[in-house]
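To start, the structure itself, in C-alpha cells.
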Number of protein chains: 2
Amino acid sequence: MSSQHPPTGSRLGRRNDPERRDKIIDACLIVIAQSGVTGTSHRKVAAQAGVPLGAMTYYFDGMQDLLHSAFTNLAIRVSGEFERSMATATDKQSACEKVFERILQASSGDDDELILSHELYTLATRDTTFRSITSEWMRRSRIALELHFDPLTARLLDAMIEGVTIHRALDSEPRDPQEIRAAIARITGNPSFDS
Amino acid sequence: MSSQHPPTGSRLGRRNDPERRDKIIDACLIVIAQSGVTGTSHRKVAAQAGVPLGAMTYYFDGMQDLLHSAFTNLAIRVSGEFERSMATATDKQSACEKVFERILQASSGDDDELILSHELYTLATRDTTFRSITSEWMRRSRIALELHFDPLTARLLDAMIEGVTIHRALDSEPRDPQEIRAAIARITGNPSFDS
DNA sequence: GACATTTGAGTACGTTCGTACATATACTTG
DNA sequence: CAAGTATATGTACGAACGTACTCAAATGTC
C-alpha cells in the first residue's frame, strides 16, 4: 500500500508547456471559488490543475504571486466581457438595457464571478498590490460606460452596479428585478427606462 | 528559558469572567482586520485577547462559531450606529447629509469597518450561515433609511451607499466627495443636495 | 471542613501547509 | 553522438494549525 505516485516515476523534463501556467491559473480560480482564498493551498490548486506540487513553485514565486496572477486574469476577462457588451449598445436606451442584464447576471450566482470578485475586494482592501487590479478593472468599466454616458454618470452608474449587485447577492430574500431598472433610471435620468 | 507562561502556573479556575468572551470577540475582530479571515487563528486571537489558547475552545465551538459571533457583534454595533445617526435627522435634507457623512466616513479607511465588512461579505457570498448576518444588517439599514425615505428609495440609497463606499475604497486615485452628493441627489430626486 | 461541581488552563497530537532543493529528463549544441 | 543546459518534478523539513483531553483551582453545598 501507500503508492504515492504512478509506479514509474516519469519525470518529463524539459517539456515547456505554455498552457501549463494558464491551467494552473484557471485551477486556482476554481479552487478560490470553492474554498475561498482562505482555503486555497498550493496542493489543492496543483491537484485541481493536474500538475505536480513542484510545478507551483516553479511557475509562481509563492502564493502571493499565484493569487495576483489569478485575479489579474479574472479582471481582464470580466472587464473585457463588459466592454464588448457595452460596445454592442447603439444608444442610451440599449446601453441601459445592457447594464440591466449585467446586474441581473452578476447577482444571479450562476457563475463564480461574484464570489471571486469579493475575494479580490477583500484582498484589495488590505493590500495595495491587489488594489492596482481593482483600480484598473474599475477604470475599464468606467471607460466602457463612457461610450454612452457622461463621465459623472458613468462613475455613478458603475458604483450603482456594484451596490445593487452586492445587495442582491447578500440578501436572503429575493429582490425584484424592477428595482434594478429603477436604479438605472434614476442614475441616468432616463425615467422611461423604469417601466 | 522557554517560559511559556507566567512563572507561577496560576490556574484561576472558576472565575466566570463574563467579559472574557467579549474580550475574545473584540480581539478576533482586531485580528481579522489586521490579517484577514485567512490569517486568523485561535492562537493569534488568544494572544491578542490575552487569554490562554485553551479558552478559545472553551468559549466557542470552533473557528466557525468564533467568526460567526464576531461578525454578528460587528453587524449589531455598526447598524446600531447608523440607526442612531439617521434618527437624529429631522428632515430629508439633513437625512441626506447624514448619508453623505456615512459614506465619507466609511470609505475613509480611518477605521476597520470597511475591511471587516468585506471579510464578512466574502464569507456570506459562499456560506448561508453568514448571509443571515448580512441580511439582518441590510434590513436594519433599510428601516433606518425608511424613517425619511419611501421604501424603494431607501433600498436604492442603501445599495448606492454600498457601491460608492466600495468604489472609493478600491480605487487608487482619490475620488471627489462631490460625487457622493451627486449620487444621493439623483437617487433621492433631491437636486438641491448636489450643490 | 469535607465533598461535589463548575469553570478554566495547559499541553500534546495528528494534519496540513509553503517552500527549498536535489535530481531526472528532454532538448540544444557542437 | 557526446556534452551541456534548460525545464520540470518528487520529496523532505520546519512551522503553524485546530482541537481534544486532562487536570487544577475556585466555588457551591451540606
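Numbers restart at 1 for each chain; the letters A, B, ... are given by sequence-line order, proteins then strands.
The listed nucleotides are dC17(D), dC21(C), dA20(D); the one nearest the side chain of Lys44(B) is dC17(D). The nucleotide whose nearest atom lies closest to any side-chain atom of Pro52(B) is, among dG10(C), dG18(C), dG18(D), dG10(C).
Between the CG atom of Asp65(B) and the P atom of dG18(D) there is a distance of 14 Å, given to the nearest Å. Rounded to whole Å, the distance from CZ on Phe60(A) to C1' on dA20(C) is 18 Å. Regarding Met56(B), its CE atom lies at a distance of 14 Å from the P atom of dA20(D), rounded to whole Å. Put simply, CG on Leu67(B) is 14 Å from C1' on dC17(D), counting in whole angstrom units. Counting to the nearest Å, the P atom of dG18(D) and the CD1 atom of Ile24(B) are 14 Å from each other. As rounded to whole Å, 6 Å separates atom P of dG18(D) from atom CE of Met63(B). If you take OH of Tyr58(B) and C1' of dA20(D), they are 16 Å apart, rounded to a whole angstrom.
In this model, a donor atom of one side chain and an acceptor atom of the other lie less than 3.5 Å apart for Arg186(B) and Thr153(A). When only modelled atom types and interatomic distance are considered, Asp111(B) and Gln105(B) share a side-chain donor-acceptor pair under 3.5 Å.
A salt bridge links Glu97(B) with Arg181(B); the closest basic N to acidic carboxylate O contact falls under 4.0 Å. A salt bridge links Glu113(B) to Arg102(B): at least one charged side-chain nitrogen sits closer than 4.0 Å to a carboxylate oxygen.
Thr134(A) places a side-chain N or O within donor-acceptor distance of the main-chain N or O of Leu170(B), the cut-off being under 3.5 Å.
When the nearest nucleotides of DNA chain D are assigned to Leu53(A) and Gly54(B) by heavy-atom distance, the more 5′-ward of the two goes with Leu53(A).
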Considering only nitrogen or oxygen atoms on both sides, find all protein atoms under 3.5 Å from nucleotides 13-15 of chain C and state each distance.
none

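Taking CD1 of Ile133(B) as the start and OG1 of Thr72(B) as the end, the distance is 3.5 Å to the nearest 0.5 Å.
A close approach under 4.0 Å does not occur between any side-chain nitrogen or oxygen of Ser41(B) and OP1 or OP2 of dA16(D). The side chain of Tyr59(B) places an N or O atom within less than 4.0 Å of a non-bridging phosphate oxygen (OP1 or OP2) of dG8(C).
Applying the ring pair (Phe, Tyr, Trp, His ring centres under 6.0 Å) rule to pairs touching residues 122-178 of chain B yields His68(B)-Phe130(B), sequence neighbours excluded.
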